[in-house]
J.: 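Sharing a structure below in structure tokens format, with a few things to ask.
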Amino acid sequence: MKIGRFYQVCISIILVLVIIYLLDKVGFVFRPLVAAFNIVMLPLLFSVFLYYLLRPSVRWLHRRKLNKSAAILLLYLVFGGLTALISTLAWPTLQAQFTSFTNNLPVLLTDLQTQLERLREHAWFRAADPGKLDLSSNLTEYIGRAFNQVTSYITNAVSVLTNVVLIVSTVPVLAYYMLKEDRKAYDALKKRLPGKYRAAVVETLRDMDKVMSEFILGRIILSFLLGIMIYIGFLLIGLPYSLMLALLLAALNMIPYVGQIIGLIPCLIIAFIDGPSTVIGVLIVNVTAQQIEGNLLSPHIYGRKLDIHPLTTILILLAGGSAFGIIGIMFAIPAYLILKIVASRLFRHYAAESQYS
């Protein structure tokens, strides 16, 4: 008896769910493998970032007849030198701002409450709800909790960081071999693919490589340029902790759409404590920088915008953060882009087969 296509799909889904259920029941068997995977995954992912960041320069130097190993080592020296130079110039200011911020945190919360009390006495708020509005105490309490959670998280992150120094130190080594081998693994896989699927798989791998390169290079360059613009703007308006906040905004800009909003919140809080006019200045600086990034820089760096709806981005980031924390948020979008390409190719493949069957 021949089973229809619909029932075949249903049976396949049921079998997959049964396998997942059985694997969950024997999860203790896989815990050592999961732990090993988690240890390996972090340096591997950062190595991929470094690989895509340096690959265009390595290929350019190699085309100029420079040995690939020498090209990689030269770029490591340049990259390390630039990092050391920037750190030397920026670290004293950043350290002073961070120390001042942590020491003045209780004073900042008190100033925030004072500003909220003034805002509460404004005619607009009194007209909105003269009897029940308790904006200052509630908002100050929420912000205080958020600062405490952030401080606790930073403390835990530092303690974890000390335990993974050896793991992170493997990133340059992994990236070195990725850059040195470059297309060798791709060419070897291409030779071993059956002729029937070779063209489709090669095209899929090419699309995956292109979207990863565009995303990683584009986000890094745009975040760096945005950070510079934001920092200059914050200096012009006299925002306290300008370098610290600009670096935070630049780092969070690696997350499309959502990162810009999250990074703006602490800037607005500090600006509100400083004064209402500073809030307006922060908004003007941020909107101006975002417009320059989106309309002038992004088209030249990306060549095209990421084909992801903002709502889809939010859902992806929520799922990635819930499953894998900060690492999940950082790598959720690249993972989605790759899965989207693979799913699209598989759908077209099966649609073509169904058409001819």
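These numbers come from the heavy atoms of this one structure, side chains and all, not from hydrogens, waters or symmetry mates. We're numbering straight along the sequence, starting at 1.
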J.: As an exercise, state the distance from CG of Leu268 to CG of Asn286, rounded to the nearest 0.5 Å.
T.: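 Going from the CG atom of Leu268 to the CG atom of Asn286 covers 7.5 Å.
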J.: With a 4.5 Å cut-off on side-chain heavy-atom distances among I, L, V, M, F, W and Y, is there a chain of contacts connecting Leu339 to Ile316?
T.: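 Shared cluster, no.
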J.: Check the pair Leu74, Leu66 against side chain to side chain contact (heavy atoms under 4.5 Å, CB included), reporting the backbone distance first and the verdict last.
T.: CA-CA 10 Å; Leu74 176 62; Leu66 185 64; 4.3 Å; yes
J.: Does the side chain of Leu61 reach to within under 4.5 Å of the side chain of Leu75, using non-hydrogen atoms?
T.: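 Counting from C-beta outward, Leu61 and Leu75 do come under 4.5 Å.
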J.: Lys68 vs Leu179, test: side chain to side chain contact (heavy atoms under 4.5 Å, CB included). Steps then yes/no.
T.: CA-CA 8 Å; Lys68 189 171 285 189; Leu179 291 165; 6.0 Å; no
J.: Mind listing the closest non-hydrogen atom pair of Ile333 and Phe215 along with its distance?
T.: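 Here Ile333 and Phe215 meet closest at CG2-CE1, 3.5 Å.
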J.: Which atom pair, heavy atoms only, marks the closest approach of Ser223 to Ala250?
T.: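 What the structure gives for the nearest pair is CB-O, 3.2 Å.
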J.: Could you tell me whether the side chain of Met212 reaches within less than 4.5 Å of the side chain of Leu337, counting heavy atoms only?
T.: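 The answer is no; the side chains never approach within 4.5 Å.
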J.: Is Leu249 close to Tyr231 at the side-chain level, that is, under 4.5 Å between some pair of heavy atoms?
T.: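 Sidechains of Leu249 and Tyr231: no contact.
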J.: Would Phe234 and Thr278 count as a side chain to side chain contact (heavy atoms under 4.5 Å, CB included) if you check the C-alpha gap in whole Å, the side-chain angles of each, and the deciding distance to 0.1 Å?
T.: CA-CA 9 Å; Phe234 285 174; Thr278 312; over 6 Å; no
J.: Atom OH in Tyr177, atom CD in Glu181: separation rounded to 0.5 Å?
T.: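 It is 9.0 Å, given to the nearest 0.5 Å.
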J.: Which atom names give the shortest non-hydrogen contact between Ser47 and Leu174, and what distance separates them?
T.: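 So the minimum-distance heavy-atom pair works out to OG-CB, 3.2 Å.
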J.: Roughly how far, to the nearest 0.5 Å, is CG of Asn253 from CG of Leu264?
T.: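 The CG atom of Leu264 sits 11.5 Å away from the CG atom of Asn253.
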J.: CG/Leu50 to CD1/Ile220 distance, rounded to the nearest 0.5 angstrom?
T.: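 Leu50 CG to Ile220 CD1: 8.5 Å, rounded to 0.5 Å.
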J.: I would like to know whether Arg219 and Phe49 meet side chain to side chain contact (heavy atoms under 4.5 Å, CB included); could you show each step before the answer?
T.: CA-CA 11 Å; Arg219 295 317 299 180; Phe49 262 75; over 6 Å; no
J.: Would you say Val285 and Val287 are hydrophobically clustered, going by side-chain heavy atoms of ILVMFWY under 4.5 Å?
T.: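 The answer is no; the residues belong to distinct hydrophobic clusters.
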J.: Can we say Lys340 and Asp207 salt-bridge, meaning some charged N sits less than 4.0 Å from an Asp/Glu carboxylate O?
T.: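 Between Asp207 and Lys340 there is no salt bridge, as every charged N stays at least 4.0 Å from the carboxylate O atoms.
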J.: Find the distance between CG (Asn67) and NE2 (His62) and round it off to the nearest 0.5 Å.
T.: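 The CG atom of Asn67 sits 8.0 Å away from the NE2 atom of His62.
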J.: Using side-chain heavy atoms (C-beta onward) and a distance below 4.5 Å, is Gln260 in contact with Leu252?
T.: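 Sidechains of Leu252 and Gln260: no contact.
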J.: Taking the side chain as every heavy atom from C-beta outward, state whether Gln97 and Pro240 have any atom pair closer than 4.5 Å.
T.: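 A side-chain contact is absent here, since even the closest heavy-atom pair is not under 4.5 Å.
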J.: Locate the shortest heavy-atom distance separating Phe79 from Leu53; write the atom from each residue and the value.
T.: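 For Phe79 and Leu53, the tightest heavy-atom pair comes out as CE1-CD2, 4.0 Å.
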J.: Treating Ile, Leu, Val, Met, Phe, Trp and Tyr as nodes and any side-chain heavy-atom pair under 4.5 angstrom as an edge, say whether Ile292 and Ile221 lie in one connected cluster.
T.: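 Same cluster: Ile292 reaches Ile221 through Ile, Leu, Val, Met, Phe, Trp or Tyr contacts under 4.5 Å.
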J.: Are any of the side-chain heavy atoms of Ile72 and Leu54 separated by less than 4.5 Å?
T.: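 The answer is no; the side chains never approach within 4.5 Å.
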J.: Locate the shortest heavy-atom distance separating Leu239 from Cys267; write the atom from each residue and the value.
T.: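 Where Leu239 meets Cys267 most closely, the heavy atoms are CD1-O, 4.4 Å.
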J.: Donor-acceptor check, side chain of Ser100 to backbone of Ala96, threshold 3.5 angstrom: yes or no?
T.: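 Flag not set: sc Ser100 to bb Ala96 has no pair under 3.5 Å.
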J.: Roughly how far apart are Thr204 OG1 and Ile338 CD1, rounded to 0.5 Å?
T.: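 Reported to 0.5 Å precision, the distance equals 12.0 Å.
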J.: Can you find a heavy atom in the side chain of Met208 that is under 4.5 Å from one in the side chain of Val342?
T.: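 Yes. Closest side-chain heavy atoms under 4.5 Å.
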J.: Tell me, do Tyr52 and Asp209 make a side-chain contact under 4.5 Å, heavy atoms counted?
T.: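 They are in contact (side-chain heavy atoms under 4.5 Å apart), so the answer is yes.
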J.: Under 3.5 Å, is there a donor on one side chain and an acceptor on the other for Tyr176 and Ser69?
T.: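 Judged by distance alone, the side chains do pair up.
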J.: Output yes when a side-chain donor or acceptor of Tyr241 lies under 3.5 Å from a complementary backbone atom of Leu94, and no otherwise.
T.: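 Pair absent, no side-chain N/O of Tyr241 close to backbone of Leu94.
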J.: So if you build clusters from Ile, Leu, Val, Met, Phe, Trp, Tyr with side-chain heavy-atom gaps below 4.5 Å, do Ile280 and Leu245 land together?
T.: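 Hydrophobic grouping puts Ile280 apart from Leu245.
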J.: Going only through I, L, V, M, F, W and Y residues with side-chain contacts under 4.5 Å, is there a path from Val279 to Ile261?
T.: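 No, Val279 and Ile261 fall in different hydrophobic clusters.
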J.: Search all heavy atoms of Leu235 against all heavy atoms of Ser242 and return the closest pair with its distance.
T.: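 Here Leu235 and Ser242 meet closest at CD2-OG, 3.5 Å.
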